[in-house]
Amino acid sequence: MSSDHLKRLVAPRSWNIARKENVWTTRPMPGKHSLEGAIPISTILRDYLKVCDNNREAKIILHAGQVLIDQRVVRKPKTAVGLMDVISLPKMKKYFRTMIDNHGRLEFVQIKPAESKWKLARVENKRIIKGGKTQLNLHDGTNILSDKKVKTGDVLQITLPDMKTKSVLEFKEGVQALITGGSHVGSISKIKGMETTRSTKPNLVMYEEFQTIKSYTFVVGEKKAMVSLPEVKV
């Protein structure tokens, strides 16, 4: 049982689930996102979006092809969903973007149908491959080829499901960024400056009233954010 299931009490803190109602919950499949940064789609359908009452009903909905992640049909209950992934339930006319709240927990913000056709993806690293093309490794575990000039920390607006780059949000001063970790997690703020450290310590990013490390900075817009935060919950 342990390979497919996870004790609710020790589920990652990023999961906003009731921990004492049942002993077990579903463990997401290894894949694009880390365990800490992902929730299985069956758990989302049941515990977050409340479109079904139990795992059996979640499986029926999935097997019927009624659920899309990033505009691709998914049928496996353990499919992992993480930050910025888009969930579409076209039969119910409901669409959600995976965001992070002010407790560092994954939440699902309802969006308009047109917004479900794109997502934001941060460039984690890049490398030149055969033929001189650049392969970009993105935060959600996907790799895409690009001829655009981008650097690590930049964020791509990608069309779904074809994964084409629609625009590039540069990692630079003056842009809006989502804080994905630390004491200011779940807030969106304007980047005031950057500090490159010469030691093994991570580079710092300065904001109006605080600073954080570069890996906690996810650019979400130029003058204003292209995504909405979850409603604040206590």
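To the nearest 0.5 angstrom, K166 atom NZ is 13.5 Å from L156 atom CG. In this structure, K151 NZ and L136 CG are separated by 12.5 Å, a value rounded to the nearest 0.5 Å. To the nearest 0.5 Å, atom CD1 of residue I129 and atom CG of residue L145 are 4.5 Å apart. Rounded to the nearest 0.5 angstrom, D101 CG and L229 CG are separated by 9.5 Å. The CG atom of N203 lies 12.0 Å from the OG1 atom of T212; values are rounded to the nearest 0.5 Å. Remark: C52 SG to I61 CD1 distance equals 4.5 Å, nearest 0.5 Å.
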- What's the verdict on side-chain contact (heavy atoms from CB on, under 4.5 Å) for V51 and L89, showing C-alpha distance, side-chain angles and the deciding distance? CA-CA 10 Å; V51 298; L89 308 172; 4.1 Å; yes
- Is there a side-chain contact (heavy atoms from CB on, under 4.5 Å) between T134 and D147 once you walk through the steps? CA-CA 7 Å; T134 304; D147 52 8; over 6 Å; no
- Item | N102 vs V185, side-chain contact (heavy atoms from CB on, under 4.5 Å): CA-CA, chis, key distance, verdict | CA-CA 5 Å; N102 59 349; V185 66; 5.6 Å; no
- For I87 and Y95, run side-chain contact (heavy atoms from CB on, under 4.5 Å): C-alpha distance rounded to whole Å, both residues' side-chain angles, the deciding distance at 0.1 Å, then the answer. CA-CA 6 Å; I87 301 169; Y95 307 86; over 6 Å; no
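A 4.5 Å side-chain heavy-atom check between L138 and V123 finds at least one atom pair inside the cut-off. At a threshold of 4.5 Å between non-hydrogen side-chain atoms, the residues L49 and F96 count as touching. Taking the side chain as every heavy atom from C-beta outward, T142 and M163 approach each other to under 4.5 Å. Contact annotation: the side chain of L106 never approaches that of I44 to less than 4.5 Å [non-hydrogen atoms, C-beta and beyond]. Using a 4.5 Å heavy-atom cutoff, the side chains of V227 and L178 are not in contact. I100 is not listed as a side-chain neighbour of F218, based on a closest heavy-atom distance of 4.5 Å or more. Between E170 and V219, every side-chain heavy-atom pair lies at or beyond the 4.5 Å cut-off. Residues V74 and L62 are in side-chain contact: their nearest non-hydrogen atoms beyond the backbone lie under 4.5 Å apart.
The backbone N or O of V86 sits less than 3.5 Å from a side-chain atom of D70, completing a donor-acceptor pair. Distance alone, capped at 3.5 Å, is enough to place a donor-acceptor pair between the T159 side chain and the K164 backbone. Not a single donor-acceptor pair under 3.5 Å links the side chain of T98 to the backbone N or O of L83. Although no hydrogens or angles enter the test, the distance criterion places a donor-acceptor pair under 3.5 Å between the side chain of K50 and the main chain of D47. The closest donor-acceptor contact from the side chain of K126 to the backbone of V150 lies under 3.5 Å. Although no hydrogens or angles enter the test, the distance criterion places no donor-acceptor pair under 3.5 Å between the side chain of R75 and the main chain of A64. Side chain of S146 to main chain of K148: a donor-acceptor pair is present (N/O by atom type, distance under 3.5 Å, no hydrogens or angles). Remark: side-chain polar atoms of E115 are not paired, donor with acceptor, to backbone N or O of I111 under 3.5 angstrom.
Each of I69 and I158 belongs to its own hydrophobic cluster when Ile, Leu, Val, Met, Phe, Trp and Tyr are linked at side-chain heavy-atom distances under 4.5 angstrom. Linking ILVMFWY residues whenever their side-chain heavy atoms come closer than 4.5 Å, directly or via other members, places I188 and F210 in the same cluster. In this structure, V81 is a member of the same hydrophobic cluster as M92, with clusters built from ILVMFWY side-chain heavy atoms closer than 4.5 Å. Hydrophobic clustering (side-chain heavy atoms under 4.5 Å, transitive across Ile, Leu, Val, Met, Phe, Trp, Tyr) keeps L160 apart from V67. Grouping the Ile, Leu, Val, Met, Phe, Trp and Tyr side chains by contacts below 4.5 angstrom, directly or via other members, places V109 with L120.
Residue pairs meeting the side-chain hydrogen bond (donor to acceptor under 3.5 Å, both in side chains) criterion with at least one member in residues 180-195, sequence neighbours excluded, are K192-E208.
Of all the heavy atoms in V205 and I191, the pair that sits closest is CG1-CG2, 3.8 Å. The heavy-atom pair separating P77 from P40 by the smallest distance is O-CB, 3.7 Å. Listed here is the closest heavy atom pair of T217 and A177: CG2-CB, 3.7 Å.
For NZ of K59, the number of neighbouring non-hydrogen atoms (other residues, nucleotides, ligands) closer than 6.0 Å is 12 at most. Under a cut-off of 6.0 angstrom, the local environment of NZ in K91 is sparse, with at most 12 non-hydrogen atoms contributed by other residues, nucleotides or ligands. More than 12 heavy atoms of other residues, nucleotides or ligands lie within 6.0 Å of NZ in K117, so this atom counts as buried by the packing criterion.
Evaluation of the salt bridge (Lys or Arg N to Asp or Glu O under 4.0 Å) rule for E124 yields R122 as partners, not counting sequence neighbours. Remark: E173 pairs with no residue by the salt bridge (Lys or Arg N to Asp or Glu O under 4.0 Å) rule, at least two apart or across chains.
Under the 3.5 Å distance criterion, with hydrogens and angles disregarded, a donor-acceptor pair is assigned to the side chains of Q71 and S116. In the model, R46 has no side-chain atom that pairs as donor or acceptor with a side-chain atom of N54 under 3.5 Å.
No salt bridge links D85 with R97; every basic N to acidic carboxylate O contact stays at or beyond 4.0 Å.
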